[in-house]
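Accompanying notes for the structure given below.
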Amino acid sequence: QVQLVESGGGWVQPGGSLRLSCAPSGFSIGSYWIFWVRQAPGKGLEWVSGIHLYTGNRRTGDSVKGRSTITRDSANNTVYLQMNNLKPEDTARYYCARTNTGFPGNSRADYDYWGQGIQVTVSS
């Protein structure tokens with residue numbers, strides 16, 4: 001069974017940092033990207049950053065560019081999203097999701113498997 005298990009969310013003050021983790025299992029890593037996709041209250045999905053599990057190629061959205069870094073641990077395939085200088089507009093539920101392209105959109109159907117999501121709240 002394909003599983004994507006997230007951890008690392010929580011509450012931080014503006015300017016703070018968090019590191020999100022996604023542990024994938026149940027499939028061959030060679031053909032897939034893992035993307036972090038977020039949904040803020042009352043808004044639609046927005047992809048944040050993604051990494052190819054085999055090649056390590058990365059993409060980062062403009063909204064977090066310069067403030068976040070996505071990496072993977074090639075030993076266990078865990079994907080990390082380090083987020084710094086967090087802003088209130090970063091408040092959202094963050095999902096780890098699998099896709100077969102480095103250029104997904106923001107449709108739920110662009111991703112075939114999803115984690116349960118973890119909450120990130122940035123406020124004073």
### Query
With sequence neighbours left out, which residue pairs that include part of residues 104-124 fulfil the ring-ring contact (aromatic ring centres under 6.0 Å, His included) condition?
Tyr95-Trp114, Tyr111-Trp114
### Message
Between Glu6 (side chain only) and Gln116 (backbone N and O only), is there a donor and an acceptor less than 3.5 Å apart?
### Response
yes
### Query
Please, which pairs that meet salt bridge (Lys or Arg N to Asp or Glu O under 4.0 Å) have at least one residue in residues 93-105, sequence neighbours excluded?
Arg98-Asp112
### Task
For residues Thr91 and Val120, determine if any side-chain heavy atom of one lies less than 4.5 Å from a side-chain heavy atom of the other.
no
#### Entry: Exercise: do Tyr80 and Arg19 side chains pair donor with acceptor under 3.5 Å
no
### Task
Would you check if Pro88 and Pro14 make a side-chain contact, meaning some heavy-atom pair closer than 4.5 Å?
yes
### Query
If you group Ile, Leu, Val, Met, Phe, Trp and Tyr by side-chain heavy-atom gaps below 4.5 Å, do Leu45 and Met83 land in one group?
no
### Task
Verify, without hydrogens or angle tests, whether Asn106 (side chain) and Trp47 (backbone) share a donor-acceptor contact under 3.5 angstrom.
yes
### Message
Is there a side-chain contact between Ser63 and Glu46 in this structure, where contact means two heavy atoms from C-beta onward sitting under 4.5 Å apart?
### Response
yes
### Query
Is there a side-chain contact between Ser68 and Thr60 (heavy atoms, below 4.5 Å)?
yes
### Query
Checking Arg72 side chain against Asn77 main chain: does a donor-acceptor pair fall under 3.5 Å?
no
### Query
In terms of hydrophobic clusters joined by side-chain contacts under 4.5 Å, are Leu20 and Phe35 together?
no
#### Entry: CD/Gln3: more than 12 non-hydrogen atoms of other groups inside 6.0 Å
no
### Message
Could you check whether any side-chain N or O of Asn84 sits under 3.5 Å from a backbone N or O of Ser17, counting only pairs where one atom can act as donor and the other as acceptor?
### Response
no
### Query
Do any N or O atoms from the side chain of Gln39 and from the backbone of Gly44 form a donor-acceptor pair under 3.5 angstrom?
no
### Task
Would you indicate whether the side-chain heavy atoms of Val64 and Asp90 approach each other to under 4.5 Å?
yes
### Task
Determine whether Ile70 and Trp36 make a side-chain contact, defined as any pair of heavy atoms from C-beta on separated by less than 4.5 Å.
yes
### Query
What residue pairs, at least two apart or across chains, pass ring-ring contact (aromatic ring centres under 6.0 Å, His included) with a residue in residues 48-72?
Trp33-His52
### Sidechain-backbone polar pair: Arg58 side chain, Ser49 backbone, donor-acceptor under 3.5 Å
no
### Query
Does the side chain of Val122 come within less than 4.5 Å of Gln13's, by heavy atoms?
no
#### Entry: Side chains of Val48 and Arg59 in contact at under 4.5 Å (non-hydrogen atoms)
no
### Message
Measuring from atom SG of Cys22 to atom CD1 of Ile118, what distance do you get when rounded to the nearest 0.5 angstrom?
### Response
9.0 Å
